[in-house]
Amino acid sequence: MKILVIGGSYFFGRVFVMQAAKEHDITVVNRGTYSLAGLGVAEKKSDRRDEAFWKSCRDDYDTIVDFCAYEKGDIAKVLRNLEGSVRQYILISTVDVYERGLPGRKGEDTPFETRSLPGEAGAYIAGKVALEQELLEECARKGIETTVLRPAVLYGPYNYAPRESAYIQLMVQNHVLPRVTDASGSFQFVYVKDAAEAVLKCLLNPKAYGQAYNVCPEETVTYKLFLDALGKAADVEFTEIPMTVSQALQQGVPLPFPVAEEESELYSGEKGRKELGFSYISLEEGMGRTYRAFKGVYGG
């Protein structure tokens with residue numbers, strides 16, 4: 001299968017390319033910050049918003065997998081200028097597109113967030129909501145099948161966001177593990193390789209055409225469960241330091257996940273499991289793999 005990956009050099013995209021390159025012909029378009037040449041893929045260096053670049057692309061592709069569409073117009077610039085043909089467009093979106101504050105777990109038919117939320121997070125959400133609609137409109141014009149994947153919180157090797165890795169660094173280098181004692185928030189983790197496998201299951205899969213899927217296990221995680229899993233994974237001596245959320249904030253300890261129950265948003269991954277066979281490893285296994293991957297990075 002001939003696949004065009006937009007983005008793909010960082011976290012989720014990189015892991016997908018590593019998996020997909022074993023069986024498929026992969027071309028990656030990104031700004032060239034991190035090379036993927038060692039993976040046996042073709043690389044084209046460009047900013048995705050460069051219309052002239054897309055006009056120069058005359059190859060035909062079975063599927064485009066887009067990891068870095070963030071602003072309205074990002075998809076239109078590709079499809080309105082790409083010279084070659086495409087059969088399927090897979091957009092990596094986010095579960096954050098859903099209206100916030102609704103009770104229960106959100107399925108794929110939950111209404112989208114239409115309010116203007118503040119800050120970078122609000123702009124990110126608004127961009128993804130707009131792009132999902134843009135995907136449908138642009139692909140309908142060209143007769144391209146669409147699939148949208150909405151992952152929850154991704155974790156694992158190559159994660160550049162200072163989330164689980166920040167705690168692993170403290171364990172390996174400082175031999176401490178902050179233990180937040182009063183956080184009541186909950187969230188859903190997705191091991192990055194499981195998310196990559198979900199993308200692979202969608203490639204030219206008629207069951208996935210015209211569909212959107214949440215990519216998340218049903219397992220609900222809390223700070224306690226997260227830190228328990230990291231503690232079990234560790235093979236270095238460390239001291240747990242109990243602290244409240246307030247104390248963590250004062251001391252600069254990262255709190256990258258919801259700390260309060262009212263901040264928590266939960267999602268259903270049932271559709272993807274039933275229709276396409278999405279599957280997920282346990283938190284304990286995933287954190288074990290993640291710890292081992294980052295331990296070497298931090299000199300352990």
Side-chain angles (χ1 to χ4, degrees), residues 5-20 28 30 33-34 36 65-70 90-98 105-106 108 120-121 124-125 127-128 131-132 147-169 185-202 212-223 225-227 229-230 233 254-258 263-269 271-273 276 278-294 297:
V5 176
I6 306 177
S9 64
Y10 286 97
F11 177 35
F12 183 10
R14 189 179 192 89
V15 174
F16 169 76
V17 170
M18 292 169 67
Q19 294 298 109
V28 180
N30 57 39
T33 305
Y34 296 102
L36 297 169
V65 184
D66 193 341
F67 287 93
C68 67
Y70 298 118
I90 298 178
L91 172 65
I92 306 303
S93 185
T94 171
V95 290
D96 290 330
V97 295
Y98 300 121
R105 290 180 182 262
K106 301 174 185 179
E108 289 80 357
E120 291 184 6
Y124 172 77
I125 292 168
K128 288 295 188 180
L131 284 163
E132 288 207 26
T147 305
V148 177
L149 296 179
R150 301 169 182 153
V153 181
L154 291 162
Y155 75 100
Y158 301 104
N159 190 0
Y160 57 88
R163 295 197 288 249
E164 71 278 4
S165 62
Y167 284 82
I168 295 171
Q169 183 176 13
S186 55
F187 41 95
Q188 286 158 286
F189 270 145
V190 187
Y191 185 62
V192 65
K193 189 174 179 181
D194 292 340
E197 292 291 339
V199 181
L200 289 170
K201 289 179 182 295
C202 294
Y213 296 96
N214 293 339
V215 181
C216 59
E218 297 300 307
E219 182 181 21
T220 300
V221 182
T222 61
Y223 271 89
L225 291 174
F226 162 57
L227 295 169
L230 269 187
L255 296 172
F257 314 115
E263 298 173 354
S264 304
E265 305 283 340
L266 299 178
Y267 311 93
S268 172
K271 180 180 176 182
R273 287 194 304 277
L276 299 181
F278 293 176
S279 61
Y280 307 95
I281 62 174
S282 68
L283 175 65
E284 188 171 323
E285 182 178 356
M287 280 299 164
R289 295 182 187 180
T290 303
Y291 172 83
R292 291 188 290 273
F294 277 109
V297 174

* To do: Examine distances only and state if a side-chain atom of Y280 and a backbone atom of C216 form a donor-acceptor pair shorter than 3.5 Å.
  => yes
* Asked: Considering residues, nucleotides and ligands other than Y158, do more than 12 of their heavy atoms fall under 6.0 Å from its OH?
  -> no
* Do R150 and Y213 come close enough that some side-chain heavy atom pair is under 4.5 Å? -> no
* **Side-chain touch L266/S186, heavy atoms, less than 4.5 angstrom** => yes
* To do: Determine, stepwise, if the pair E219 / L283 fulfils side-chain contact (heavy atoms from CB on, under 4.5 Å).
  => CA-CA 8 Å; E219 182 181 21; L283 175 65; 3.6 Å; yes
* To do: Hey, can you tell me if F189 and F257 have their rings parallel, tilted or perpendicular (30° and 60° cut-offs)?
  => perpendicular
* Start with the C-alpha distance between F16 and I90, add both sets of side-chain angles, then the distance that settles side-chain contact (heavy atoms from CB on, under 4.5 Å), and finish with yes or no. => CA-CA 13 Å; F16 169 76; I90 298 178; over 6 Å; no
* To do: For the pair F226 and Y167, name the ring-plane relationship: parallel under 30°, tilted 30 to 60°, perpendicular over 60°.
  => perpendicular
* Asked: Closest heavy-atom contact between P157 and V192?
  -> O-CG1, 4.1 Å
* Which pair of non-hydrogen atoms, one from F294 and one from N159, has the smallest distance, and what is that distance? -> CZ-O, 3.5 Å
* E285 and R289 ion-paired at < 4.0 Å -> yes
* Expected output: side-chain R105 to main-chain Y267 donor-acceptor under 3.5 Å -> yes
* **Chi angles and distances behind the side-chain contact (heavy atoms from CB on, under 4.5 Å) call for R14, V17** => CA-CA 5 Å; R14 189 179 192 89; V17 170; 5.8 Å; no
* To do: Calculate, to the nearest 0.5 Å, the distance between atoms NZ and CD belonging to K193 and Q19 respectively.
  => 4.5 Å
* Asked: Among side-chain atoms of E132 and S93, is any donor-acceptor pair under 3.5 angstrom?
  -> yes
* Shortest non-hydrogen contact from V15 to A196? -> CG1-CB, 4.1 Å
* Asked: How long is the gap from CG on L225 to CE on M287, to the nearest 0.5 Å?
  -> 10.5 Å
* Structure fact -> Note: Y223 and P258 closest approach over all heavy atoms is CE1-O, 3.4 Å
* For residues V199 and V215, determine if any side-chain heavy atom of one lies less than 4.5 Å from a side-chain heavy atom of the other. => no
* Any chance CD of E218 has more than 12 other-residue heavy atoms, nucleotides or ligands included, within less than 6.0 Å? -> yes
* To do: Hey, could you give me the CD/CG distance between E164 and L154, rounded to the nearest 0.5 Å?
  => 9.5 Å
* Asked: Would you say the side-chain atoms of K271 pair up with the backbone N or O of L276, donor to acceptor, closer than 3.5 Å?
  -> no
* What distance do L149 atom CG and T94 atom OG1 have between them, rounded to the nearest 0.5 Å? -> 11.5 Å
* Which residues satisfy the salt bridge (charged side-chain N to carboxylate O under 4.0 Å, His left out) test with K106, sequence neighbours excluded? -> E265
* **Under 3.5 Å: donor-acceptor pair, side chain of Q188, backbone of P217** => yes
* To do: Quick one: closest heavy-atom pair of C202 and T147, and the distance?
  => SG-CG2, 4.0 Å
* Asked: Of all residues at least two apart in sequence or in a different chain, which pass the salt bridge (charged side-chain N to carboxylate O under 4.0 Å, His left out) check with R163?
  -> none
* Which distance, rounded to the nearest 0.5 Å, do you find between the OH of Y98 and the CD of E108? -> 4.5 Å
* Asked: At their closest point, which heavy atom of G8 faces which heavy atom of L36, and how far apart are they?
  -> O-CD1, 3.3 Å
* To do: Please confirm whether F12 and Y10 have ring centers closer than 6.0 angstrom.
  => no
* Polar side-chain atom of D66 near backbone of C68 as donor-acceptor pair, under 3.5 Å -> yes
* Structure fact -> Interatomic distance, CG@L91 vs CD1@I6, rounded to 0.5 Å, equals 9.5 Å
* How far apart are the C-alpha atoms of V190 and F278, what are their side-chain angles, what is the distance that settles it, and do they pass the side-chain contact (heavy atoms from CB on, under 4.5 Å) test? -> CA-CA 11 Å; V190 187; F278 293 176; over 6 Å; no
